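As the structure is a computational prediction, the values presented were derived from the model and not from experiment.
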Amino acid sequence: MKSIDKRAMSYEDWQDLHRKGLGGSDVGAVLGLNPWKTPLDVYREKIEGQRVEDNDAMKAGRMLEDTVARWYSEETGHKIQKDNKIRIHSKHEFLIANIDRLITANGNGKGTGVLEVKTASGWAFKSWADDGLPLQYYSQIQHYFSVTGHKWGEFAVLVDGRDFQVIPVEYDKEFVDLMTDQLVGFWEDHIVKQNPPEPRNESDIKYLYPKEEAGKIIEATENTFNLALKLKRIQSAKKLLDDRENKLKESFKIMMADAETIVFHGQKVATFKKNKDGNQFNKDKFQSENPDIYNQYVEPKDGYRTFRLCLR
């Protein structure tokens, strides 16, 4: 099995290497299974070098990785070790794996396994309990099985910093074959050819189509027209509810007059208070009295596309 030693790599070096292949964190997005990341996000990381924004949750996961891994070993009695390598697929060198830990001794006779370490909030983990392991994580560990050849693994999950959970996963050959075909197709059709994938959300649309082609008209399908009618009904219902909400608020304001609070048997119902006084910059006055200074600080700003439904 091909591999690259990562012990001397910084986090930035690892990210640069990660750009040159598809790793476990990319798989769910490429397959459309990651609710927070799209295929276009993966494309931009590989082609443009766009770095993944680090956040507190990601940092917490890295900082707590050793602790959760030790907890797993103590809880299960399994021996584990850091892999310290970027694993490379035997057939497709752009398919790589950065494994948290290897399970080297377990007493179950199944050989070496893959350990993935996660941290989660109780709110997020509730969906795991209701719906099973999130598909982006399931595809991640199946990808690791594909790259390494190992046939089983477990997730060690620390919930809310105190609730420890273990989730076993077995190798799924049918899933791996389908997944690998899609990953290879994505790499060859989009990364190699530098051909961005279709948009999946609003952010993708803004990136791919920041402005319209003047005068371009397309014909709607019957299904698209029915969607427009559905959207119109929703907008009409929303406007009706907004109008009713504003009327009810107005009724309360009339009842309260100059009162700050209205109560019912001691329970606070609503308040009607003035915001704190503040200051605001008078742009028009400044521009009129200091046009030369104002113009020094004026910068161009890109417009943005606005969607409007034209049905009445």
When you check the gap from the basic side-chain N to the acidic O, do [X] and [Y] get nearer than 4.0 Å?
X: Lys247; Y: Asp243; answer: no
X: Lys110; Y: Glu170; answer: yes
X: Glu75; Y: Arg70; answer: no
X: Asp100; Y: Lys82; answer: no

A quick test of your reading: do over 12 heavy atoms of other residues, nucleotides or ligands sit less than 6.0 Å from CD of Glu174?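 No, not enclosed.
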Check this for me: Lys232, atom NZ, are more than 12 non-hydrogen atoms of other residues, nucleotides or ligands nearer than 6.0 Å?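 Enclosed.
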By ring-ring contact (aromatic ring centres under 6.0 Å, His included), which residues pair with Trp128, not counting sequence neighbours?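 Counting only residues at least two positions away or on another chain, Trp128 forms a ring-ring contact (aromatic ring centres under 6.0 Å, His included) with Phe125, Tyr137.
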Could you pull out the closest heavy-atom pair between Ser3 and Lys85, with the gap in Å?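 So the two residues come closest at OG-CD, 3.6 Å.
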With Lys274, which residues qualify under side-chain hydrogen bond (donor to acceptor under 3.5 Å, both in side chains), at least two apart?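 Lys274 satisfies side-chain hydrogen bond (donor to acceptor under 3.5 Å, both in side chains) with Asp277 only.
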Do the side chain of Asn290 and the main chain of Ile293 share a donor and acceptor less than 3.5 angstrom apart?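 Answer holds: no.
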Not counting sequence neighbours, which residues clear salt bridge (charged side-chain N to carboxylate O under 4.0 Å, His left out) with [X]? List them please.
X: Asp83; answer: Arg87
X: Glu245; answer: Lys249
X: Lys216; answer: none

Side chain to side chain donor-acceptor pair (under 3.5 Å) partners of residues 177-190, not counting sequence neighbours, each pair once: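 Matches after skipping sequence neighbours: Lys173-Asp177.
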